[in-house]
Every structure is written in structure tokens, then in C-alpha cells.
Amino acid sequence: MNLIIDIGNTMAKVALFNDGEMVEVLTESNQSLDCLKALCVKYPVNQGIVATVIDLNERVLADLAALPFPLLWLNHETPLPVVNLYETPETLGYDRMAAVVGANEQFPHRNILVIDAGTCITYEFIDSKGQYHGGNISPGMQMRFKALRQFTGRLPLVDTNGRKLPMGRDTETAIRAGVLKGMEYEISGYIESMKHKYPELLVFLTGGDEFSFDSSVKSIIFADRFLVLKGLNRILNYNNGRI
Ligand SMILES: Nc1ncnc2c1ncn2[C@@H]1O[C@H](COP(=O)(O)OP(=O)(O)O)[C@@H](O)[C@H]1O
Ligand SMILES: CC(C)(COP(=O)(O)O)[C@@H](O)C(=O)NCCC(=O)O
Ligand SMILES: [K+]
């Protein structure tokens, strides 16, 4: 079985895959990977992959080093089943690459926009020939809420829970609608503009943040919370025998 570890800026995601099937997934702090030991007792793991977009602390590094099977550390030199046209592959986030690999596995001959709503929102384009062209990075939901408080004198910290109006009627609803509608319009704007160029475009949405869309956009989106983990599993299998 494969152990898959995706360490993001907010959360670490850990999953077990058996022959392409995800059998268990856990979300935990990116400062401690306490679930590892128990998972390795529970499942017969043969190999693992780790992708991180942060510098890991000593404790996490020690836990990973203690794993009793080969571990592939995803980096810009890792062979991939897609072509990477990013001009600076050495600075590309590994979670972004993995999400693209996961989407391309499901639809190898299609043009795909992959949207990952986590700490940041990332937008990736991979074409029907399996070439990754790059994409964009914008602030994620929590970052937007926190930035409004941090960079103003009067705005409170608001979150998604509470009254949702199309247009705010007080400070709290104005901030909530501003953040949520802003993300919704940003995402639907990308989809609409890319669909002009690629009418058959497929759209994947992944990441920890869930939010609502108007139904016309929603109908064409594949929501797959585990796209990065699936992509990492594919990369690990692609590199089978090389670690
Ligand atoms: N169980 C959960 N624990 C923590 N965050 C969660 C959970 N469910 C949803 N979220 C949301 O998911 C976001 C993290 O998404 P994720 O894709 O894991 O980010 P990253 O990959 O950047 O660490 C958090 O900011 C939070 O809003
Ligand atoms: C863009 C990101 C911060 C997104 O991280 P996440 O929201 O998944 O935690 C991460 O992929 C990253 O650090 N990228 C490096 C820069 C780049 O991809 O070009
Ligand atoms: K992201």
C-alpha cells in the first residue's frame, strides 16, 4: 500500500491507497504528523510520497525519517507523467503539480482548469496533450478574512458562518459577502473566460474550502476534495522502483 502525505500551508493531509483506491484519509496539523505511527501499524505500507510547500520542523522531519519503508520526496527533479512547461519548475508548489497530475489521470485527453481552494486559491491549466502551462495564485478564504482585519483600523474578523446576503447590510454581512462573492465571481470569471478559448474545458475544484456557486457554474465543476492526494499517488506509482 502507498502512504501519501500532502503538507499545505494550513493543514497536512495523509492518505492510504491500495491499488489506486483511497482507503483512509486524515487531515491534521502541519506541525505534527502524529497519525503516522498508528497508520503504519494498521496498514501494510510498502512505500510513501511526501510533498510539502512549507519547511518542516524537526519533529515532523524525525517522524518521516523513522518510517520503515522508502519515501519519495517530491521535488522539481521527480519524473512526472505530464510535461511541465512552468518556466521555474524549481519554485512551483508541489501541491499544484500534484493536482494537475490527478486531474490529467482522470481525463488524459482533455483541456482542464484545476482550482485548489486552500490557504491560497490556485488556478492551473493542463491541455489535452498532457502539457501543464502554469496558472495563477490568489489569496484563499481565511487569508481574505484575516487581511481585512489586519490591514484596517475598523474591520472585525468575520468568518463564513452566519447571515449570508448578496449585498451586505451591516459590517459583518458586508465582509462575509465581499469575501465569499469575491471568490465566487473570481472563480466563475476564470471559468467563463477560459471556456471562450476552450469550449470543451473541464473544471476540477479541490481544497479544504467549500463554498456555494450559482447553479450554472456548479453544473460544470467536478468537485474532488482529494485530487492532490490522488495525483501524488499517481506520481509515486509512476516512479515505482526509482526510490
Ligand atoms: N477539518 C478541517 N480542518 C481545518 N481546516 C478545514 C477543515 N475543513 C475545512 N477546512 C478549511 O480548509 C482550509 C485548508 O484547506 P487545505 O486545502 O487543506 O489548505 P492547504 O493545502 O493550504 O493547507 C482551511 O483554511 C479551512 O478553511
Ligand atoms: C501557491 C501555494 C502557496 C499554495 O499553497 P496552499 O494554498 O496549497 O497551501 C504553494 O503552491 C506554493 O508555495 N507555491 C510556490 C510558488 C509557485 O507555485 O510558483
Ligand atoms: K491551494
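Numbering of ligands and ligand atoms starts at 1, following listing order.
- In terms of polar-atom proximity, defined here as any N/O pair under 3.5 Å, R96 does make such a contact with ligand 2.
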May I have the step-by-step check of salt bridge (Lys or Arg N to Asp or Glu O under 4.0 Å) for E186 and R144, ending in yes or no? CA-CA 13 Å; E186 179 178 307; R144 293 174 197 225; 3.1 Å; yes
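- With T78 contributing its side chain and L74 its backbone, the two residues share no donor-acceptor pair below 3.5 Å.
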Verdict with supporting geometry, K195 and E200, salt bridge (Lys or Arg N to Asp or Glu O under 4.0 Å): CA-CA 7 Å; K195 278 204 139 237; E200 304 298 317; over 6 Å; no
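- For atom 7 (O) of ligand 2, the nearest non-hydrogen atom of the protein is C120 N, 2.9 Å.
- In this structure, atom 25 (O) of ligand 1 lies nearest to the protein heavy atom Q142 CG, 3.3 Å.
- Results of the side-chain contact (heavy atoms from CB on, under 4.5 Å) test with R176 over N161, L165, V158, T171 single out V158 as the only residue that passes.
- Here the side chain of S29 pairs a donor or acceptor atom with the backbone of Q31 at under 3.5 angstrom.
- Classification of the Y123-Y190 ring pair by plane angle, with boundaries at 30° and 60°, yields parallel.
- Summary of contacts: the protein heavy atom closest to atom 22 (O) of ligand 1 is T119 OG1, 2.5 Å.
- Of the polar atoms of G93, at least one N or O is found under 3.5 Å from an N or O of ligand 2, judged by distance alone.
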What verdict does the salt bridge (Lys or Arg N to Asp or Glu O under 4.0 Å) test give for R110 and D127, after you've listed the backbone C-alpha separation in whole Å, the side-chain angles of each residue and the deciding distance to 0.1 Å? CA-CA 6 Å; R110 298 292 297 270; D127 72 18; over 6 Å; no
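- The N/O atoms of T27, backbone and side chain alike, include none that comes under 3.5 Å of an N/O atom in ligand 1.
- No single ILVMFWY cluster, assembled from side-chain heavy atoms under 4.5 Å apart, contains both L157 and M143.
- I121 is connected to F145 through a chain of hydrophobic side-chain contacts under 4.5 Å among Ile, Leu, Val, Met, Phe, Trp and Tyr, so both are in one cluster.
- Not one N, O or S atom of D95 sits under 3.4 Å from the K ion (ligand 3).
- Among all non-hydrogen protein atoms, the one lying nearest atom 16 (C) of ligand 2 is T91 O, 3.1 Å.
- Close contacts of ligand 2 with L92, meaning ligand atoms under 4.0 Å from a residue heavy atom, involve 17 (C), 18 (O), 19 (O).
- In this structure, NE2 in H133 is found 5.5 Å from CG in L85, a value given to the nearest 0.5 Å.
- Nearest protein heavy-atom contact of atom 8 (N) of ligand 1 is R225 NH2, 3.5 Å.
- Taking the charged nitrogens against the carboxylate oxygens, R96 and D116 have no contact shorter than 4.0 Å, which rules out a salt bridge.
- Looking only at protein heavy atoms, the nearest one to atom 21 (O) of ligand 1 is K13 NZ, 2.8 Å.
- The closest approach between a heavy atom of Y86 and any atom of ligand 2 is below 4.0 Å.
- With hydrogens and angles ignored, the 3.5 Å screen pairs no side-chain donor or acceptor of S128 with any backbone N or O of N111.
- The contact set between ligand 1 and T10, taken as ligand atoms under 4.0 Å from a residue heavy atom, comprises 20 (P), 22 (O), 23 (O).
- Between F107 and F204, the ring planes are tilted. Angles from 30° to 60° get that label.
- Of the protein's non-hydrogen atoms, V53 CB, 4.1 Å is the one closest to atom 13 (O) of ligand 2.
- Distance from atom 13 (C) of ligand 1 to its nearest protein heavy atom, with residue and atom name: D209 OD1, 3.7 Å.
- The option with the heavy atom closest to atom 10 (N) of ligand 1, from among G140, C120, G208, is G208.
- With distances taken over non-hydrogen atoms, the option nearest atom 3 (N) of ligand 1 out of M143, E210, M11 is M11.
- At least one heavy atom of N9 sits closer than 4.0 Å to an atom of ligand 1.
- Counting heavy atoms only, G118 comes closest to atom 19 (O) of ligand 1 of the residues G207, A117, G8, G118.
- For atom 6 (P) of ligand 2, the choice among N136, D116, D95, I137 with the nearest heavy atom turns out to be D95.
- Applying the 4.0 Å criterion to heavy atoms of N9 picks out, from ligand 2, the atoms 3 (C), 5 (O), 6 (P), 9 (O).
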